[in-house]
Amino acid sequence: MLELLAPAGSMEALRAAVQNGANAVYLGCGTFNARQSAKNFPPQTLMEAVKYCHIRGVAVHLTLNTLVSDREMGDVADLIRHAASCGVDAFIVQDLGVVELCRQIAPDVAIHGSTQMTVHSLPGVLLCAAWGMSRVVLSRELSREEIRYICNNSPIEIEVFGHGALCMCYSGQCYLSAAIGGRSGNRGRCAQPCRQSYGYSRWENRYPLSLKDNCLVEYLRDLRQMGVASLKLEGRMKRPEYVAAVTQIYRRALDEGLVTREMRNTLLTA
């Protein structure tokens with residue numbers, strides 16, 4: 001079965017994802033995640049979120065997908081310990097130091113390699129498997145053939161992004177926001193300068209770095225046949241209404257095996 005993994009940037013978005021058919025949700029707690037501008041979940045409400053999901057048979061993946069300094073390792077360790085006690089099902093990790101902390105502190109919780117690790121080849125997947133990860137989120141730039149090859153030869157699960165915003169750079173390798181405004185995407189503070197207009201004269205108000213959103217709703221059968229384990233919907237910064245609409249459409253497409261014009265139009269306007 002292809003897992004449908006939905007974003008939960010707030011408790012309202014989490015409920016929207018669960019009530020509209022998500023098999024799993026991913027969320028941030030505190031500051032060690034790639035979407036610090038989302039509402040996220042304070043440590044004291046994480047237990048409530050996990051209970052809400054588990055009662056309804058939905059898994060919870062906690063994002064720890066930023067680079068961490070040595071002086072922050074103690075705080076990260078406390079968060080890992082707390083999240084494990086709350087019963088989260090997986091950690092989504094970028095920093096290899098955090099990977100090791102997860103293995104030491106919470107060996108029973110699965111570790112997923114974040115797309116921020118820039119894993120875009122089979123050797124990268126095999127290295128993640130050797131580090132103890134049970135799943136890797138592939139870079140969003142890979143082609144159908146590359147994804148199929150990796151799935152056919154991977155000893156661990158493969159997750160891919162199926163819908164939402166695309167970064168103009170390889171995931172985890174963009175320094176544009178840090179260079180322009182001192183807000184690093186690898187620290188969860190991307191200001192999205194690639195979404196701004198650049199140019200002058202007749203080239204004003206052009207957006208040469210802003211990519212169109214990803215939408216793989218027409219290719220769900222192909223992803224299943226490739227061996228993809230999880231389809232991720234991007235959007236922890238989005239409204240609960242967006243999460244509800246997109247999750248519901250992908251749930252229908254997965255269950256019914258068809259995509260109507262109405263479903264396509266909703267995805268375009270969500």
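FYI, the numbering just counts along the sequence from 1.
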| N214 side chain to F161 main-chain N or O, any donor-acceptor pair under 3.5 Å? | yes

| field | OH/Y149: more than 12 non-hydrogen atoms of other groups inside 6.0 Å | value | no

| Got L254 and R224 here, is their nearest side-chain heavy-atom distance under 4.5 Å? | yes

| request: Using a cut-off of 6.0 Å, state whether more than 12 heavy atoms not belonging to Y242 lie near its atom OH. | output: yes

| request: State whether the side chain of D89 and the backbone N or O of H61 hold a donor-acceptor pair below 3.5 Å, judged by distance alone. | output: no

| message | Whether the E262 and T260 side chains hold a donor-acceptor pair (N or O, under 3.5 Å, no angle test) is what I'd like checked. | response | no

| Does some side-chain heavy atom of R135 sit less than 4.5 Å from a side-chain heavy atom of I156? | no

| What pair of heavy atoms forms the shortest contact from C29 to P42, and how long is it? | SG-C, 4.0 Å

| request: Identify whether V88 and V76 are in the same connected component of the hydrophobic contact network (ILVMFWY, side-chain heavy atoms under 4.5 Å). | output: yes

| remark: Sorted by chain and number, sequence neighbours left out, salt bridge (charged side-chain N to carboxylate O under 4.0 Å, His left out) with E100 holds for R103

| Hphob cluster co-occupancy, L101 + V99, side-chain heavy atoms under 4.5 angstrom | yes

| R56 (side chain) donor-acceptor with Q19 (main chain) under 3.5 angstrom | no

| said: With clusters defined by side-chain heavy atoms of hydrophobic residues (ILVMFWY) lying less than 4.5 Å apart, directly or transitively, does L5 cluster with L64? | reply: no

| remark: Between the CD atom in E218 and the CG atom in L258, the distance rounded to the nearest 0.5 Å is 10.5 Å

| field | Worked verdict on E48 versus M11 for side-chain contact (heavy atoms from CB on, under 4.5 Å) | value | CA-CA 9 Å; E48 177 189 352; M11 194 64 189; 4.0 Å; yes

| Could you give the distance from SG (C102) to CD1 (I92), rounded to the nearest 0.5 Å? | 11.0 Å

| Transitively linked via ILVMFWY side-chain contacts under 4.5 Å: I105 with V93? | yes

| query | Within the side chain of N65, is there an N or O that forms a donor-acceptor pair under 3.5 Å with the backbone of S114? | reply | no

| query | Would you say S143's side chain and E146's backbone share a donor-acceptor pair under 3.5 angstrom? | reply | yes

| message | Are there over 12 heavy-atom neighbours, none belonging to N265, within less than 6.0 Å of that residue's CG? | response | yes

| request: Evaluate the criterion side-chain contact (heavy atoms from CB on, under 4.5 Å) for residue pair M226 and V160; output intermediate values, then yes/no. | output: CA-CA 11 Å; M226 291 177 194; V160 300; over 6 Å; no

| query | With D78, which residues qualify under salt bridge (charged side-chain N to carboxylate O under 4.0 Å, His left out), at least two apart? | reply | R81

| field | Residues which pass salt bridge (charged side-chain N to carboxylate O under 4.0 Å, His left out) with R144, listed by chain and number, not counting sequence neighbours | value | D222

| query | L62 versus F41: any side-chain heavy-atom pair under 4.5 Å? | reply | no

| message | Please tell me whether L27 and V109 are part of a single hydrophobic cluster in this structure, the criterion being side-chain heavy atoms less than 4.5 Å apart. | response | yes

| query | Going by distance alone, is a donor N or O of one side chain under 3.5 Å from an acceptor N or O of the other, for S69 and E72? | reply | yes

